[in-house]
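Right, one structure below, let's go through it.
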Amino acid sequence: MAPAISSSSAKRLIRFSGSLRRTEAPRLPSSPLSPTPKKLKSMEEVMARARYAVVDQADYGSVSCEQCGSGDRPDELLLCDKCDKGFHMKCVRPIVVRVPIGSWLCPKCSDRRRVRSFSQKKIIDFFRIKKCCDKKDKFSSPLDTRKRRRRSGSLVLHKKRRRLLPYIPSEDPARRLKQMGCLASALTALQMEFSDDLTYMPRMAPRSANQAKFESGGMQVLSKEDTETLEQCRAMCKRGECPPLIVVFDSCEGFTVEADGQIKDMTFIAEYTGDVDYLKNREHDDCDSMMTLILATDPSKSLLVCPDKRGNIARFINGINNHTLATVFFQN
């Protein structure tokens, strides 16, 4: 909902049950065979399912933040569309990074379950893990499959030849199950579907729009060794061997990602996935985890990835708590 700046544009929501009052019919003498009367729902149950109607409110100038008690900074003051209470964007938990588009509910009224436990079978179905009947193929690093060459040249030249390393999943199956379970809980709390691929939905950018030739100035091409590392990590994800990461809920920043083991430098973690759309269609979108996919010479052809409906763990790595530069890889 828009911030409470002026009283002319402020609105309020009032609930109504939608039931009609009617005159009571005269009661007939009850017979032994008459059915037992139905139990009526309590007022709390009726009001919990009641719809809301929007009406104009005269003045919202006296609204203050429920957390800090101040009515200052009205441009950052949000009004809950259910309880009609005010909250500063930086006072509410988790914080709101930008003014939401449309209706907004405070954490108490949203009644959204942040934690949901998943059984092993549900985790396997959620991530669509493929069961391997044969012996697992043990992938080795592309650097291990080739004969190690003697280092030569300066240290600067050696750093330029650094390659991506595949992540090393946790050896304990129970630990990997916990890592996937916390990711499934976070995605479910945000009403998202798991997807390890870029998705192309109707009325959005088509697959044909995602071409490297549209990138202004050209696009970096992965080397053969890095491509093999990428394919290796994809194969491990399909087998349920996820990277050693765990999703936790922070009261201030929302869902964040922590390392659940040692991760070396230049280690591949995840591909950034989500719905591909034109940048012009998302100029006023309030999603806080959009990532640029293609910056075209023609601005109308620029693309971005929006993980608000579908995505993976990269959606939480790229959240509002990310203040450092990161290297992210995309696929067609």
Side-chain angles (χ1 to χ4, degrees), residues 1-17 43-116 182 185-192 247-258 282-291 304 306-309 311 315-326:
M1 180 176 178
I5 302 177
S6 62
S7 60
S8 60
S9 59
K11 295 183 179 180
R12 184 177 180 181
L13 296 181
I14 297 180
R15 296 177 288 192
F16 66 90
S17 61
M43 182 58 66
E44 286 126 0
E45 294 177 347
V46 174
M47 298 301 290
R49 300 192 175 201
R51 298 180 181 179
Y52 295 85
V54 181
V55 296
D56 293 333
Q57 178 70 8
D59 185 18
Y60 270 97
S62 60
V63 175
S64 59
C65 178
E66 293 294 319
Q67 298 293 334
C68 67
S70 172
D72 299 337
R73 307 190 310 276
D75 55 328
E76 298 181 6
L77 196 60
L78 302 177
L79 296 179
C80 177
D81 288 333
K82 188 173 183 179
C83 66
D84 220 23
K85 296 180 180 180
F87 298 87
H88 281 123
M89 297 170 61
K90 294 182 180 179
C91 293
V92 69
R93 294 294 183 267
I95 63 176
V96 181
V97 294
R98 64 183 66 182
V99 178
I101 298 176
S103 60
W104 178 80
L105 298 179
C106 67
K108 183 178 180 180
C109 294
S110 62
D111 195 22
R112 183 169 59 191
R113 297 175 59 186
R114 296 192 180 100
V115 180
R116 176 184 173 186
C182 66
S185 300
L187 293 174
T188 304
L190 298 182
Q191 299 179 354
M192 292 178 55
V247 182
V248 297
F249 182 80
D250 182 83
S251 61
C252 180
E253 297 178 342
F255 290 104
T256 59
V257 177
E258 296 179 354
R282 301 278 183 161
E283 291 179 346
H284 304 288
D285 200 301
D286 59 349
C287 179
D288 62 345
S289 296
M290 290 186 292
M291 177 72 72
L304 53 76
C306 189
D308 55 349
K309 301 297 182 183
R315 182 252 186 274
F316 303 107
I317 298 176
N318 182 60
I320 58 178
N321 59 315
N322 185 13
H323 299 286
T324 58
L325 296 177

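All heavy atoms count here, side chains included; hydrogens, waters and symmetry mates do not.
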Check your understanding: Do you know which two heavy atoms are closest between M192 and D308, and how far apart they sit?
Key ->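 Between these two residues, the closest heavy atoms are CG-O, 3.5 Å.
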Point to revise | Shortest non-hydrogen contact from M290 toward C306 | key: CG-SG, 3.7 Å
Which residues share a side-chain contact (heavy atoms from CB on, under 4.5 Å) with [X], sequence neighbours left out:
{"X": "K85", "answer": "E66, C83, F87"}
{"X": "C65", "answer": "Q67, C68, L77, H88, C91"}
{"X": "S64", "answer": "none"}

Review point. Which distance, rounded to the nearest 0.5 Å, do you find between the SG of C182 and the CZ of F255?
Key: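 Interatomic distance, C182 SG to F255 CZ, rounded to 0.5 Å: 10.0 Å.
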**Study point:** Validation row: L187, F316 side chains within 4.5 angstrom (heavy atoms)
**Key:**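 SC-SC contact between L187 and F316 confirmed.
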Review point. Donor-acceptor pair, D81 side chain versus L105 backbone, under 3.5 Å?
Key: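 No.
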